[in-house]
Structure formats: structure tokens, C-alpha cells
Amino acid sequence: MPREDNQVPLLSDQDVAYESGEKVHILGINELDEERSSVVPPFSWKKLWLFTGPGFLMSIAFLDPGNLEGDLQAGAIAGYSLLWLLMWATAMGLLVQLLSARLGVATGRHLAELCREEYPTWVSMVLWVMAELALIGADIQEVIGSAIAIKILSNGILPLWAGVVVTASDCFILLFLENYGVRKLEAFFAVLIATMAISFAWMFGETKPTGTELLLGEEIPSIGSSGVLIPKLSSKTIKQAVGVVGCIIMPHNVFLHSALVQSREIDYSKKGRVQEALNYYSIESTVALIISFIINLFVMTVFAKAFYGTEIASSIGLVNAGQYLQEKYGGGLFPILYIWSIGLLAAGQSSTITGTYAGQFIMGGFLNLRMKKWLRALITRSCAIIPTIVVALVFDTSEAALDVLNEWLNVLQSIQIPFALLPLLCLVSKEQIMGTFKIGPALKIVAWLVTALVIVINGYLLLDFFSSEVTGVIFTTVVCAFTGAYLAFIVYLVYWGFTLSVRRHMLPAKLAQGME
């Protein structure tokens, strides 16, 4: 019998993503006999519904305020020319998230736990610090996005710092919903995603773009027509293109998805049941990211239609986007300024709550500590809220300064990307860890190519940023030393991953039973 929550000490020896009593029961989990344990059960809509949830929580990271800002800037500056890139960037993100889900399902453990077990202690500690920094950077952007929406909806009565304090209460929403079960929590996020979809679809309808513009784009002097179906890229929009791809892969989201998939009851003694779970998770994750792509497409298209080719295109950001839309399209039955703010608030609130969720798994997995939920949420929330309040107080009156801070936060997250992707690819490729569920040669090649592309793209962002920001001998020396250590650590991670098969490793007990 699992212990009740009030019987759990503040700290215990072993962390688990979900207690057995918290997991969603899957219909007919014990219906196959041992002789047919490797047979995958036939498709069931009821089972698909029961497995639906983790993919939608994961998809929220594709809709956070940072992504929305990248969308609106890409649309305003590049028009429809980057819609095709948004589609393919989402596809690359889907591949990464499917690998994360595969790791969690096949091993019964999430990425943070496996990093702690497979890498030397000092390496896992570095990976933990990097994951926490990436999470804090993302959380600051998400909380600020919510605070901007709250400031607009309150007609400026609540300043930015007050919006941050209000947003900080989301950890209590998380704790409240967790007490009622995983499905209630997932339903809450579904409502927030629906709110975003309705808000941005409304805006999309207000701007009235045509289907031809979306699919084929419009004629652009420097590159011709470019839309969802016509991939073209101009040297003038390279920075926006890099931003579209760079903000799709969120390091904390890779850790999060590998834990979320463990919220379902899976019989690890039957290979067919594990494969069944992988199949259903693949379907629901794909559907979730298709929906997120459509929402991102709405945002990019609205700002492309409204501001592409105008003098203010390069100055639009989260802070002033609503006001510019209001000036362009006026009030109407329901002012577009408030429609935008509602969508932004839903994006900010949902992403900050999932950030808190991810922080719990990251801390528990790397440190092997199991805490009471309220204590984990409080610690995770404090790590982001305290610096965010400082940011809000300092930058409340300066849009330009807030944009500069946002660039630095993007750099912070770009730096962390290899430290989530490289361990994931190394672990999911190894038979000693994955058993028969390791990825095949073809998928491995594709995954490594996608990872290399994402790292190179983010490397371009870093190079472009530091080349314009780094001045002075001392600062340049520090940056060069940091870069050297950074590249050396990436090489070490790759080396350790490729030599994992010749070192000792015990197959997880659950998976070992399933392979017998």
C-alpha cells in the first residue's frame, strides 16, 4: 500500500516521479497472459484518451511568452517568409520530445534520474546546475509575460512587480490541482491551451489573411514568394529565422516530458504493454504539437499581416504588441488589446506552472531527494520569483531595457541546450539502458543531425550576440575562457555517451523483467 501524503517525511532516500497511487489506471492492463506478453494490444480510443495529457503539458513550452515574442517579431520583420521554418522547427521539437517520452516509458525513470546514475557525480552536478539555470531563465520570461498581461488587463493599475507577485501564486494552483489527481491537472492545462487557441484565432480572424498568403506567402522583393509550402530564406531575416528555431527546444521541457509519461500505469513485465504506451504517447504528442503549431502560426500571421513592411516592425515586442494591435484594428465589440492580453496571460500562467512542475523533477532526479510537494514547489518557485521581482522593479519603466534582458535570457537558455539533448541522445541509443526499445540506426542518424543543427543554430545566436556585446580585454578574455570550457564539456559529454556501452551498467529492474 502506498503511504498517504501526510505520512511522507520532508526528505526521504528515494525520489520517484509519481507514487503508484497517483498514476492513471489503464483499462485492461492485466488482460494479456504471459505467453502473449510481447503482443501489442489493438488500438483503442478509450486507451488513447487515458494516455492523453502528458503531451499537452509538454506542448505548453512551445507556446510560452518567449515563443510568442519570437513569433510576433518574425512575422512583423519577415512577413510570411518564415512560416515554413516554424513548421519544420516544430517537427524537430516533436522528434526530441518523442525521444524524451521513449526514454521515460522504456526505463521507468526520467532523464534527470538517469543522468545522476550514468554520469560521474561532478558531471551530473554540472548538468543539474545548467538545468536549473535554464529553468530560471525560462521562468523569468514566462512570469514577466504574465505580468505584462496582468498590467494591460488592469489598465495599468497593477505595475509589473505586482503582476509577478500574482503570477507567483501559480505554485499553489499546482499544489491544489495535484491533490485532486493528475487528470484534473491536465484538464486545467487543456482549458488554458483552449483559451490561447480561441484568443489568437479571434485575432487571426480580425486580420483576415487569405489561404494563399499562408500557403504560398506574398511576393517579397528580395526572395520572391514564401509561405508554409515554399521554403525560402533571406539574409535579411537570418536572425529571426534563428530565433524561430532556437526557442522551440526548451532544455527543461526535455527533462519534464520524460517524467510526465510515467503518470500512467504500465506493466513493465510485458513488452507489448510498453510498446503500446509508446504508440499512444506518440499519437497524443503529435496532436498536441500540431495544435501548438497552429497557435504559433496564428500569432506569426497576425503580426505579418498587420506590421510587415511598416516602420515600427522592428520595434514590436511583448510589452507594446497589444497597443500596436489596438492602434491598427481599433476597439470593436471586444478590443483586440484585451484579446491579446488574455492569450498572453494563458500562455504565461500555463508555462510558469509547468516550469514549477519541471523544477520538481529536475531537483528530485539529480539530487535523489524526495520532498513533500509543497516544499518542492516552494523552493522551485522561490528560485525564479525572487530574481523576477528584482527584474520587474528595475525594468518596469524601460521597454528597451526589458528587451535587452530578454536577449540575455535567450542566450542563457541557448547555452544550456546541449546539456539536455546530448545526454538524452546518448541514453536513448544504448541497449544497456533501453533494452529492445533503443532507437535504430536510421532514427539515431536523424536525431543526431537535428541535435547538431539545433546546437549550430544556437551557436550562431551566441556568436552574433557576444560579437556585438563583448568589449574590453578583460571581458573578452573571460568569455573566451568560458567558451573553451564550455566546448570541452560538450566534447566530454559526447565521449562519455559513446563509451557508455563498454562500462558497467545494470539494466533497470523493471525493463530486465520485461526482456526475459
Side-chain angles (χ1 to χ4, degrees), residues 56 59-80 82-83 86-87 90 142 145-156 163 167 187-215 217-218 227-228 244 287-308 310 312-313 316-353:
F56 283 87
S59 72
I60 287 170
F62 289 68
L63 299 167
D64 71 353
N67 275 280
L68 297 184
E69 184 166 36
D71 292 339
L72 67 89
Q73 289 175 343
I77 296 173
Y80 301 109
L82 297 181
L83 290 176
L86 174 65
M87 180 180 68
T90 304
E142 293 157 0
S146 287
I148 291 172
I150 291 172
K151 184 177 181 179
I152 295 173
L153 292 172
S154 67
N155 288 320
T167 305
F188 174 73
F189 283 111
V191 170
L192 292 177
I193 293 174
T195 301
M196 282 185 272
I198 293 171
S199 297
F200 298 136
W202 189 320
M203 292 168 50
F204 183 81
E206 290 283 330
T207 56
K208 298 180 176 63
T210 66
T212 302
E213 288 175 329
L214 289 179
L215 297 177
E218 60 183 2
V228 173
V244 168
V287 172
L289 287 194
I290 288 175
I291 293 173
S292 75
F293 165 70
I294 293 172
I295 294 174
N296 281 310
L297 181 142
F298 284 160
V299 176
M300 189 180 291
T301 302
V302 165
F303 285 87
K305 183 71 174 180
F307 303 110
Y308 175 66
T310 64
I312 63 173
I316 297 178
L318 281 182
V319 177
N320 56 25
Q323 192 58 47
Y324 281 138
L325 285 170
Q326 184 74 3
E327 293 172 0
K328 179 79 173 181
Y329 294 104
L333 178 63
F334 195 57
I336 196 169
L337 170 65
Y338 295 114
I339 299 172
W340 162 254
S341 301
I342 291 171
L344 179 59
L345 181 61
Q349 283 293 332
S350 59
S351 56
T352 54
I353 297 175

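Index from 1, following the sequence.
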Please report the closest heavy-atom contact between [X] and [Y], naming both atoms and the distance.
{"X": "K305", "Y": "Y80", "value": "CD-OH, 3.4 Å"}
{"X": "L297", "Y": "T301", "value": "O-OG1, 2.7 Å"}
{"X": "E69", "Y": "G317", "value": "OE2-CA, 3.7 Å"}
{"X": "P65", "Y": "L318", "value": "O-CD1, 3.7 Å"}
{"X": "S351", "Y": "A347", "value": "OG-O, 2.7 Å"}
{"X": "G163", "Y": "I150", "value": "O-CD1, 3.7 Å"}

>> Apply side chain to side chain contact (heavy atoms under 4.5 Å, CB included) to residues F307 and L325 and explain how you reach the verdict.
In response: CA-CA 9 Å; F307 303 110; L325 285 170; 3.8 Å; yes

Side-chain donor-acceptor distances from residues 191-200 under 3.5 Å, at least two apart:
| from | atom 1 | to | atom 2 | distance (Å) |
| --- | --- | --- | --- | --- |
| T195 | OG1 | V191 | O | 2.8 |
| S199 | OG | T195 | O | 2.9 |

> How would you list, by chain and number, every residue that makes a side chain to side chain donor-acceptor pair (under 3.5 Å) with S59, sequence neighbours excluded?
Replying inline: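 Partners of S59 by the side chain to side chain donor-acceptor pair (under 3.5 Å) criterion come out as none, since no residue qualifies.
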
>> Can you list everything that forms a side chain to side chain donor-acceptor pair (under 3.5 Å) with N67? Sequence neighbours excluded, please.
In response: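 By the side chain to side chain donor-acceptor pair (under 3.5 Å) rule, N67 matches D64.
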
Please tabulate, for side-chain N and O atoms in residues 337-346, each donor-acceptor pair with protein atoms closer than 3.5 Å (sequence neighbours left out).
| from | atom 1 | to | atom 2 | distance (Å) |
| --- | --- | --- | --- | --- |
| Y338 | OH | N155 | OD1 | 2.7 |
| S341 | OG | L337 | O | 2.8 |

>> Suppose we screen for ring-ring contact (aromatic ring centres under 6.0 Å, His included). Which residues come up paired with F56, at least two apart in sequence or across chains?
In response: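 F56 satisfies ring-ring contact (aromatic ring centres under 6.0 Å, His included) with no residue once adjacent residues are dropped.
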
> To the nearest 0.5 Å, what is the distance between CG (L63) and CD (E142)?
Replying inline: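 Answer rounded to 0.5 Å: 11.0 Å.
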
> Can you tell me how far the NZ atom of K328 sits from the OG1 atom of T310, to the nearest 0.5 Å?
Replying inline: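 Here the interatomic distance stands at 7.0 Å.
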
Check residues 287-296 and write down every donor-acceptor pair under 3.5 Å in which the side-chain atom is one partner and the other belongs to a residue at least two apart or another chain.
| from | atom 1 | to | atom 2 | distance (Å) |
| --- | --- | --- | --- | --- |
| S292 | OG | L289 | O | 2.9 |
| N296 | ND2 | F62 | O | 3.0 |
| N296 | ND2 | S292 | O | 3.0 |

>> Tell me whether S350 contacts the main-chain N or O of F189 through its side chain, where contact means a donor paired with an acceptor under 3.5 Å.
In response: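 Judged by distance alone, no pair lies under 3.5 Å.
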
> Between Q73 and I316, is a side chain to side chain contact (heavy atoms under 4.5 Å, CB included) present by the stated rule, with each step listed?
Replying inline: CA-CA 7 Å; Q73 289 175 343; I316 297 178; 5.7 Å; no

